[in-house]
Amino acid sequence: MSKREVLHVKGSHHQNPIPTAIKIGNMVYTSAIIGSDPETGEMPESANDEVANLFHYIREIMELAGGTTDDIAHLSISLTDREYKKTVNVEWLKMFPDENNRPARHSTVTNLRDGLRVQIEMTAVL
């Protein structure tokens, strides 16, 4: 029996043979999560929808792992343009409204796969 549990997330699939998320013991790790539409798997037209989908997946992953967003320790965010941090902050503040109860976060401006504006990686402790 494997100690690693793969968390299958509807609508979020990688081009490479890697899982979106795994749980091992009380830890949850993700690969790069992209903001594809949870129903169709297609990338949305707007950055707002893309980022909202990312935060949808974060909630879903934490639920599948048996935790909540309060268990998230760190988010690493990659952006193609620094301006997208404003869009991320909208969803960030919805998920983490209490300034004294937020995970650590780091954002990097970088090139991403064609069609992506933002992607997120997460680490959580259950």
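- Thr108 places no side-chain N or O within 3.5 Å of a backbone atom of Thr110 that could act as its donor or acceptor partner.
- A donor-acceptor contact shorter than 3.5 Å is absent between the side chain of Asn53 and the backbone of Glu50.
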Report the C-alpha distance between Arg102 and Glu99 in whole Å, list the side-chain angles of each, state the deciding distance to 0.1 Å, and finish with yes or no for salt bridge (charged side-chain N to carboxylate O under 4.0 Å, His left out).
CA-CA 6 Å; Arg102 292 181 181 142; Glu99 68 181 80; 5.8 Å; no
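- In terms of heavy atoms, Ile33 sits closest to Leu54 at O-CD2, 3.0 Å.
- Note that OG1 of Thr87 is 10.5 Å distant from CG of Asp49, once rounded to the nearest 0.5 Å.
- Counting all heavy atoms, side chain and backbone alike, Gly35 lies closest to Pro44 at O-CD, 3.3 Å.
- No side-chain heavy atom of Phe55 sits less than 4.5 Å from a side-chain heavy atom of Thr69.
- A 6.0 Å sphere centred on CG of Asp98 holds more than 12 heavy atoms belonging to other residues, nucleotides or ligands.
- Counting heavy atoms from C-beta outward, Ile77 and Val118 have side chains that approach closer than 4.5 Å.
- Separating the CE atom in Met122 from the CZ atom in Arg105 is a distance of 15.0 Å, to the nearest 0.5 Å.
- Between Leu7 and Leu64 the shortest heavy-atom distance is CD2-O, 4.0 Å.
- Note that CD of Glu91 and NZ of Lys94 are 4.0 Å apart. Values are rounded to the nearest 0.5 Å.
- Placement of Tyr57 and Tyr29 in two distinct hydrophobic clusters is found when ILVMFWY residues are connected by side-chain heavy-atom separations under 4.5 Å, directly or transitively.
- For Tyr84 (side chain) and Val109 (main-chain N/O), no donor-acceptor pair under 3.5 Å exists by modelled atom type.
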Would Arg113 and Gln119 satisfy side-chain contact (heavy atoms from CB on, under 4.5 Å), going step by step from the backbone distance to the final call?
CA-CA 10 Å; Arg113 188 180 88 208; Gln119 68 182 27; 6.0 Å; no
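- In plain terms, the two heavy atoms of Ala73 and Pro103 that are nearest each other are O-CB, 3.4 Å.
- Linking ILVMFWY side-chain heavy atoms closer than 4.5 Å, directly or via other members, places Val90 and Val51 in two distinct hydrophobic clusters.
- Here the closest heavy-atom approach between residue Glu45 and residue Arg117 is recorded as O-NH1, 2.9 Å.
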Kindly determine whether Ile58 and Ile61 satisfy side-chain contact (heavy atoms from CB on, under 4.5 Å), including the steps that lead there.
CA-CA 5 Å; Ile58 289 169; Ile61 289 164; 5.8 Å; no
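- Residues Ser31 and Pro19 approach most closely at OG-O, 2.6 Å, considering heavy atoms.
- A continuous path of Ile, Leu, Val, Met, Phe, Trp and Tyr side chains, each step under 4.5 Å between heavy atoms, connects Leu75 with Leu126, placing both in one hydrophobic cluster.
- Atom NZ of Lys86 sits about 12.5 Å away from atom CG of Leu79, to the nearest 0.5 Å.
- The hydrophobic cluster containing Ile120 does not contain Met27, counting ILVMFWY residues as joined when their side-chain heavy atoms lie under 4.5 angstrom apart, directly or transitively.
- Met43 and Leu112 end up in the same hydrophobic cluster when Ile, Leu, Val, Met, Phe, Trp and Tyr side chains are linked at under 4.5 Å.
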Could you check His74 against Ser76 for side-chain hydrogen bond (donor to acceptor under 3.5 Å, both in side chains), going step by step and ending with a plain yes or no?
CA-CA 7 Å; His74 186 262; Ser76 179; 5.4 Å; no
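- Between Met62 and Thr68, every side-chain heavy-atom pair lies at or beyond the 4.5 Å cut-off.
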